[in-house]
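These numbers come from a predicted model, not from an experiment. Worth knowing before you read on, the calculation uses all heavy atoms, side chains too, and leaves out hydrogens, waters and symmetry mates.
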2 protein chains.
Amino acid sequence: MAIAKTNEFTQQEQDLAAFAKVLSHPARIAIMKVLANENACICGKIVEILPLAQSTVSQHLKELKNAGLIKGTVEGPKSCYCINWDAMEKFMQDFNGMFSALQLQKGKSCC
Amino acid sequence: MAIAKTNEFTQQEQDLAAFAKVLSHPARIAIMKVLANENACICGKIVEILPLAQSTVSQHLKELKNAGLIKGTVEGPKSCYCINWDAMEKFMQDFNGMFSALQLQKGKSCC
DNA sequence: ATCATTCATCGTACAAATACGATAAATATT
DNA sequence: AATATTTATCGTATTTGTACGATGAATGAT
């Protein structure tokens, strides 16, 4: 991908982009919906619902967890995942904040 | 990327993911900010501000345009870009709508 | 103790994204 | 007409993302 120039941008830009990136795959959006809807947020249950292999789902779960959008706890041989609501609410707030900041300049546009 | 299973998901999931994907790079977030702040949204001006080559900026602009977040008009040898507010507002509405739908299930979680 | 279940991780294959320089096309300028 | 400016596109190199099967580690069941 060439020598990623990601860190040439502001922290805010990087953070917002990172948040967007986690949600930039339909499988991860679908996982969030499953986690919200199912009482038992067991990995196996998610694998049943998604059209993806177990290892692939596990990978997506890892990314969501690394980004902080979900939490995971071990229950015997099973793994239970849930949405990290505090984090999600903050992320959405920041995301909407950026958009509001853009909108403040709305009249300025030339075209 | 292996044989992308993107279309195994719902249209809504694909659309939301596509929107998130366009904003999943700090350069594209930065471009949106420049377009909102500068009266003259000329490509050259953006190239001056971003730490990227002209061809790379042009590529990012193309992606933003393809996704519908911005509009572009030719002005002689120059190109003028602006935010497509109608589209942006709809995208943000859908994105927030998904989050609200998740939140409705908030109590259900097991962990 | 043996076997089954569940899941994370490893290795691997291939697709897509990012970045740049070079070039081409269009318009402005001289 | 010749030259300069501006930007899109092409070709290419490299990195990252997506996907799967196979394996291993941990726990539960027999």
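Side-chain contact between F19(B) and L69(B) is present, with heavy atoms from C-beta onward closer than 4.5 Å. In this structure, the side chains of Y81(B) and L64(B) stay at 4.5 Å or more apart for every pair of heavy atoms. For the pair M32(A) and M88(A), the minimum side-chain heavy-atom distance is below 4.5 Å.
Listed by first and then second residue, the salt bridge (Lys or Arg N to Asp or Glu O under 4.0 Å) pairs that reach into residues 81-92 of chain B are K106(A)-E89(B), K90(B)-D94(B), sequence neighbours excluded.
Between K78(B) atom NZ and dA4(D) atom C1' the separation is 13 Å, expressed in whole Å.
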**Study point:** Protein-to-nucleotide contact annotation, 5' to 3' order, nucleotides 17-26 of chain D [B base; S sugar-phosphate only; - none; under 4.0 Å, heavy atom]
**Key:** BBBBBB----
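Residues that satisfy the side chain to side chain donor-acceptor pair (under 3.5 Å) test with E48(A), not counting sequence neighbours, are absent from this structure. Scanning for ring-ring contact (aromatic ring centres under 6.0 Å, His included) contacts around F9(B) gives an empty result, with sequence neighbours left out. F99(A) is linked by a ring-ring contact (aromatic ring centres under 6.0 Å, His included) to nothing, counting only residues two or more places apart in sequence or in another chain.
The minimum heavy-atom distance linking K21(B) with R28(B) is given by the pair O-NH2, 3.3 Å.
Taking only side-chain nitrogens and oxygens, Y81(B) comes nearer than 4.0 Å to OP1 or OP2 of dA8(D).
Using a 4.0 Å cutoff to heavy atoms of chain B, the contacted part of DNA chain C runs 5' to 3' from dC14(C) to dA28(C).
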